[in-house]
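Since we're looking at a predicted model, the values are computed, not measured.
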Amino acid sequence: MMKPTPLEQIIVAMIREDGPIPLDRYMALCLGHPVHGYYMSRDPFGPEGDFITAPEISQIFGELIGIWCAAAFQALGAPDEFHLIELGPGRGTLMSDMLRASRVMPGFRDGVRIHLVETSPALRKLQAARLGQTITWHDSLATLPDGPSIVIANEFFDALPIRQFESRNGQWMERRIGLGADDRLVIGLSAQHLDRPPGTDGDILESAPLRDDIARELGSRLAASPGVALVIDYGHAASALGDTLQAVRRHKFCSILDRPGEADLTSHVDFESLGNALRQGGALPHGPITQRQFLLSMGLEARAALLTQKAKLPERNVIGRAVERLAGENQMGNLFKVLAATSPGLPTPYPFGSP
Ligand code: SAH
């Protein structure tokens, strides 16, 4: 058996001291422990990393979102100064592609102030190198300035910790991480009161307290200052029971208990809850629609055709495959959803609300 990771040793000591910990605490440690957390020290994206995200698949993804931002800028009345905020910007690829595409809109480039909400020092470094312009970083939404804003979040909410409850003998139990034989991590259950009737044995209910808090905070920002937000993530349009927590290491699924700190842990975003939390904060949610619907409406095919025309043969195939991956029915196209939110009083942004 492999030696436990440094983070595993820390977690084992923690549990020995205080008892089993809920999943959200475990996830927060695995992803965000200041030294050993998954995002804190490494670049997890791309072919050599553990997973690949839409902006890393093709520049077209960010360009189409940049065009969406340019339209949002107009809907906000083309302010002289506005905040372009990205939550969890990864390598900075999406922001870079968005900025290139939105430059065509007069006034955008002069008015834009870039804010990145990012907790990982390693990724902040990559973002600085990639963007090479004035950026303000934030640890959370709390320090973002007031004023007109456009907020983008791609695969951010799926990385926030969740809790899981399991129905057993007419009672909800919470899944917790405890210690088994040889001090190995195991998943256990402990009684937990929930304000909702228990289901059938084995039903799994997920809740994402931090995700809801952040969505509410975003909602209240949009209620206080004019703005629009776009959230893209994999998940389901309506709340549903089921275990969606997954661990990925080097492009392969593994157990969430394997090599803590070395695997990416994510879960599906419940867009119904996310929309409700935004509304509770005071914003108006629109959608969700599928990523496929969003990208096709934004002109994915025309943009791909133009790039293909300019490209040499091997590259043409790459573009075709990227389009299929981003928008294909059985690929990211349907699994990923896009939700917009606006300040009350602003028009419904295209392509939300269009048939
Ligand atoms: N949007 C990027 C990266 C997605 S991965 C892309 O599409 O490629 C998740 C990102 O969110 C990483 O940048 C990670 O460091 C950041 N992140 C995770 N949890 C966070 C938190 N609680 N606060 C701020 N950023 C966080």
CG of Asp201: more than 12 outside heavy atoms within 6.0 angstrom?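 Yes, CG of Asp201 has more than 12 neighbouring heavy atoms, counting only those of other groups under 6.0 Å.
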Taking atom CD of Gln133 as the centre, does the number of heavy atoms from other residues, nucleotides or ligands within less than 6.0 Å exceed 12? yes
For [X] and [Y], indicate whether the former's side chain and the latter's backbone hold a donor-acceptor pair under 3.5 Å.
X	Y	value
Asp203	Ser167	no
Ser343	Leu222	yes
Ser140	Val117	no
Gln127	Gly90	yes
Ser220	Gly281	no
Trp172	Gly199	no
Asn334	Glu329	yes
Arg292	Gly333	no
Arg130	Lys125	no
Thr93	Pro55	no

When the ring planes of Phe336 and Tyr234 are compared, do they come out parallel, tilted or perpendicular, using 30° and 60° as the limits? tilted
On the 0 to 90° scale, with breaks at 30° and 60°, tag the His115-His83 ring pair as parallel, tilted or perpendicular. perpendicular
Distance check, rounded to the nearest 0.5 Å: [X] atom [atom1] versus [Y] atom [atom2]?
X	Y	atom1	atom2	answer
Leu84	Ile152	CG	CD1	6.5 Å
Glu166	Ile187	CD	CD1	9.5 Å
Leu339	Ile232	CG	CD1	10.0 Å
Met27	Gln164	CE	CD	9.0 Å
Ile85	Leu141	CD1	CG	7.5 Å
Glu301	Leu306	CD	CG	13.5 Å

Option among Arg184, Arg259, Lys3 that satisfies the salt bridge (charged side-chain N to carboxylate O under 4.0 Å, His left out) test with Glu8: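 The option that passes is Arg184.
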Is any side-chain heavy atom of [X] less than 4.5 Å from a side-chain heavy atom of [Y]?
X	Y	result
Ile11	Ile21	yes
Arg91	Asp43	yes
Met98	Ile67	no
Ser207	Pro209	yes
Ile52	Ile57	yes
Ile256	Leu245	yes
Gln293	Val338	no
Leu230	Trp68	yes

Trace of the side-chain contact (heavy atoms from CB on, under 4.5 Å) decision for Phe165 with Met173: CA-CA 5 Å; Phe165 306 92; Met173 311 282 282; over 6 Å; no
What are the two closest heavy atoms between [X] and [Y], and how far apart are they?
X	Y	answer
Ser149	Leu76	O-CD1, 3.9 Å
Pro6	His36	CB-CE1, 3.6 Å
Cys69	Ile150	O-CD1, 3.5 Å
Leu7	Pro260	CB-O, 3.8 Å
Pro344	Gly282	CG-O, 3.3 Å
Glu155	Thr53	OE2-CG2, 3.5 Å

Taking [Y] as the starting point, is it possible to reach [X] by hopping between hydrophobic residues whose side chains are less than 4.5 Å apart?
X	Y	result
Ile65	Leu335	yes
Ile10	Ile177	yes
Val112	Trp137	yes
Ile162	Leu194	no
Leu23	Leu205	no

Sequence neighbours left out, what pairs pass side chain to side chain donor-acceptor pair (under 3.5 Å) with at least one residue falling in residues 210-219?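 Found Arg211-Ser267, Asp213-Arg216, Arg216-Gln280.
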Residue pairs, two or more places apart or on separate chains, that pass side chain to side chain donor-acceptor pair (under 3.5 Å) and touch residues 306-319: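 Of all non-adjacent pairs touching residues 306-319, none passes side chain to side chain donor-acceptor pair (under 3.5 Å).
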With a 4.0 Å cut-off, would you call [X] and [Y] a salt bridge?
X	Y	result
Asp264	Arg249	no
Asp139	Arg124	yes
Glu206	Arg163	no

Do Phe108 and Phe82 have their ring centres less than 6.0 Å from each other? yes
Arg100/Glu63 under side-chain contact (heavy atoms from CB on, under 4.5 Å): CA gap, chis, key distance, verdict: CA-CA 7 Å; Arg100 192 178 57 251; Glu63 289 169 349; 2.8 Å; yes
Looking only at side chains, do Gln59 and Asp97 share a donor and an acceptor under 3.5 Å apart? no
Return yes if a side-chain donor-acceptor contact under 3.5 Å exists between Ser190 and Glu174, otherwise no. no
Under the side chain to side chain donor-acceptor pair (under 3.5 Å) criterion, do Thr5 and Glu262 qualify, and how do the steps go? CA-CA 8 Å; Thr5 63; Glu262 292 180 8; 5.5 Å; no
Looking at residues at least two apart in the chain, or sitting in another chain, which of them share a ring pair (Phe, Tyr, Trp, His ring centres under 6.0 Å) with His286? none
Could you please spell out the steps behind the side-chain contact (heavy atoms from CB on, under 4.5 Å) verdict for Leu31 and Met40? CA-CA 7 Å; Leu31 297 177; Met40 299 317 260; over 6 Å; no
Would Asp233 and Lys337 satisfy salt bridge (charged side-chain N to carboxylate O under 4.0 Å, His left out), going step by step from the backbone distance to the final call? CA-CA 6 Å; Asp233 227 309; Lys337 310 289 185 298; over 6 Å; no
Could you give me the CA-CA distance, side-chain angles and deciding distance for Arg113 and Thr134, then say whether side-chain contact (heavy atoms from CB on, under 4.5 Å) is met? CA-CA 8 Å; Arg113 305 288 176 267; Thr134 309; over 6 Å; no
